[in-house]
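Side chains included, hydrogens not; waters and symmetry mates left out as well; all remaining heavy atoms used. This chain uses plain numbering: 1 for the first residue, then up along the sequence.
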Amino acid sequence: MTLSNTLFANQFIGILGGTFDPVHYGHLRSAQAVIQTLNLHRLLLMPCGEPAHRAPPIANAAQRLHMLQLACLEFPQMQIDERELTRVGASYTFDSLQELTHDYPGAQLCLVMGQDAFAHFPTWHRAVDILQLTYIIVMARPNYRLDPQSLADEWYQQHGLSIQQFKELRTRKAGAIIFLETPEYAISSTAIRAYLNAGESLPDHWLPPTVGQWLATNNIYQSF
């Protein structure tokens with residue numbers, strides 16, 4: 001049975017990928033700001049299985065999935081997309097976007113990433129083709145500025161739109177890059193892992209309580 005091309009017509013669907021090792025409020029509250037600013041119908045959290053451009057995560061797929069499930073209890077507009085966790089081999093965003101285009105016919109997809117990730121975006125697998133499938137929504141990151149001499153900045157100069165232009169071009173399916181001012185949270189998965197490895201308590205504002213409680217009783221990051 002083929003889904004109608006109008007089933008998700010005029011829906012904006014965000015996709016935020018990452019290892020989420022572990023997920024924290026820096027991910028979640030920034031993503032919530034994107035949902036609210038762009039009026040997204042939903043945002044898919046897409047945990048990476050085998051990253052193509054970085055070291056493998058410490059927590060396994062089942063553990064990272066469970067932490068995301070706990071986090072989503074607090075953020076009902078966010079849903080988990082597990083496709084990259086079950087894919088064999090390296091996870092490539094282009095492959096996932098092709099599948100999502102088929103799964104959500106008629107929708108406008110918005111690939112959400114931080115400025116630090118966007119700095120390397122032009123080197124991603126089939127980056128030019130990714131831009132033909134989706135909008136790129138770039139979130140602000142604490143104390144991070146794009147190198148004006150970089151290829152990423154060149155891409156933004158060619159394809160960048162303001163928020164107002166983006167909202168006026170809802171009929172355009174893809175091909176634009178939008179920088180979005182979101183709240184900045186100086187929280188990182190690296191810092192969380194370091195705290196837990198050292199046996200230190202985490203600040204309450206770093207994680208959803210359900211995730212923090214689960215980590216406190218599961219020694220995932222204590223001996224890496």
Does the pair Q157 and E154 meet the rule for a side-chain contact (heavy atoms from CB on, under 4.5 Å), with working shown? CA-CA 5 Å; Q157 297 305 319; E154 181 181 324; 5.7 Å; no
Give the intermediate values and the outcome of side-chain contact (heavy atoms from CB on, under 4.5 Å) for residues I177 and L131. CA-CA 8 Å; I177 300 167; L131 196 56; 4.0 Å; yes
Could you please spell out the steps behind the side-chain contact (heavy atoms from CB on, under 4.5 Å) verdict for L65 and E82? CA-CA 8 Å; L65 176 60; E82 301 178 32; 3.7 Å; yes
After noting the C-alpha distance and the side-chain angles of Y195 and W206, does the key distance pass the ring-ring contact (aromatic ring centres under 6.0 Å, His included) rule? CA-CA 11 Å; Y195 265 69; W206 280 14; 5.0 Å; yes
Given side-chain contact (heavy atoms from CB on, under 4.5 Å), test T93 with L97 step by step and report yes or no. CA-CA 6 Å; T93 301; L97 286 171; 3.8 Å; yes
Take Y25 and H205 through the ring-ring contact (aromatic ring centres under 6.0 Å, His included) test and state the conclusion after the steps. CA-CA 7 Å; Y25 276 141; H205 64 280; 8.5 Å; no
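Side-chain heavy atoms closer than 4.5 Å link hydrophobic residues (I, L, V, M, F, W, Y) into clusters, and following such links, possibly through other members, connects V23 to L85. Under the 4.5 Å side-chain heavy-atom criterion for ILVMFWY residues, no single connected hydrophobic cluster contains both L100 and Y92.
The line from CG of L43 to CG of L38 is 10.0 Å long, rounded to the nearest 0.5 Å. Rounded to the nearest 0.5 angstrom, W155 CH2 and L146 CG are separated by 13.0 Å. Within the model, atoms CD1 of I187 and OG of S30 stand 8.5 Å from one another, a figure rounded to the nearest 0.5 Å. Note: I178 CD1 to H159 NE2 = 12.0 Å, rounded to the nearest 0.5 Å. How far CE of M113 is from CD1 of I136: 4.5 Å, rounded to the nearest 0.5 Å. A distance of 8.0 Å separates CD of Q149 from CG of D153, quoted to the nearest 0.5 Å.
D129 places none of its side-chain heavy atoms less than 4.5 Å from the side chain of L133. In this structure the side chain of V112 never reaches within 4.5 angstrom of the side chain of I15, judged on heavy atoms. Residues F179 and M139 fail the side-chain proximity criterion, which asks for heavy atoms closer than 4.5 Å. Counting only heavy atoms from C-beta outward, the side chains of N197 and Y221 never approach each other to under 4.5 Å. When side chains are defined from C-beta on, D81 does not count as touching L45, because their heavy atoms never get closer than 4.5 Å. The shortest distance between side-chain heavy atoms of Q11 and Y104 does not fall below 4.5 Å. Looking at H24 and I192, their side chains come closer than 4.5 Å, going by heavy atoms from C-beta outward. Taking the side chain as every heavy atom from C-beta outward, F121 and I130 approach each other to under 4.5 Å.
At least one donor-acceptor pair under 3.5 Å links the side chain of R193 to the backbone N or O of D21. Between the side chain of S91 and the main chain of G49, a donor-acceptor pair closer than 3.5 Å is present. Of the possible donor and acceptor atoms, one in the side chain of N218 sits under 3.5 Å from a partner among the backbone N and O of W214. Under the 3.5 Å distance criterion, the side-chain polar atoms of T134 are matched with a main-chain donor or acceptor of L109. With Q63 contributing its side chain and N60 its backbone, the two residues share a donor-acceptor pair below 3.5 Å. A donor-acceptor pair is defined here as one N or O able to donate and one able to accept, closer than 3.5 Å; no such pair exists between the side chain of R64 and the backbone of P47. Between the side chain of T123 and the backbone N or O of H120 there is at least one donor-acceptor pair closer than 3.5 Å. Formation of a donor-acceptor pair under 3.5 Å by the N219 side chain with backbone atoms of Q222 is not found in this model.
Between Y135 and F12, the ring planes are tilted. Angles from 30° to 60° get that label. Ring geometry for H125 against F94 counts as perpendicular: the plane angle is over 60°, on a 0 to 90° scale with 30° as the lower cut.
Residue I80 comes nearest to C72 through the heavy atom pair CG1-SG, 3.9 Å, listed as atom of the first residue, atom of the second, then distance. When all heavy atoms of A59 and M67 are compared, the pair lying nearest together is CB-CE, 4.2 Å. Of all heavy-atom pairs between S189 and P22, the closest is OG-O, 2.8 Å. Residues P57 and T19 come closest through the heavy atom pair CB-CB, 4.3 Å. Residue G212 comes nearest to L207 through the heavy atom pair CA-CD1, 4.0 Å, listed as atom of the first residue, atom of the second, then distance. P122 and A127 get closest at one heavy-atom pair: O-CB, 3.9 Å.
In this structure, D147 places its CG atom where more than 12 heavy-atom neighbours from other residues, nucleotides or ligands lie under 6.0 Å away. Within 6.0 Å of CD in E181 there are 12 or fewer heavy atoms belonging to other residues, nucleotides or ligands.
Between E99 and R87, at least one side-chain nitrogen of the basic residue sits less than 4.0 Å from a carboxylate oxygen of the acidic one, meeting the salt-bridge criterion. Electrostatic pairing of D103 and R83 counts as a salt bridge here, judged by a charged N lying under 4.0 Å from a carboxylate O.
For S96 and E84, the side-chain atoms include at least one donor-acceptor pair closer than 3.5 Å.
Of the candidates L44, I35, L16, L40, I35 is the only one forming a side-chain contact (heavy atoms from CB on, under 4.5 Å) with M78.
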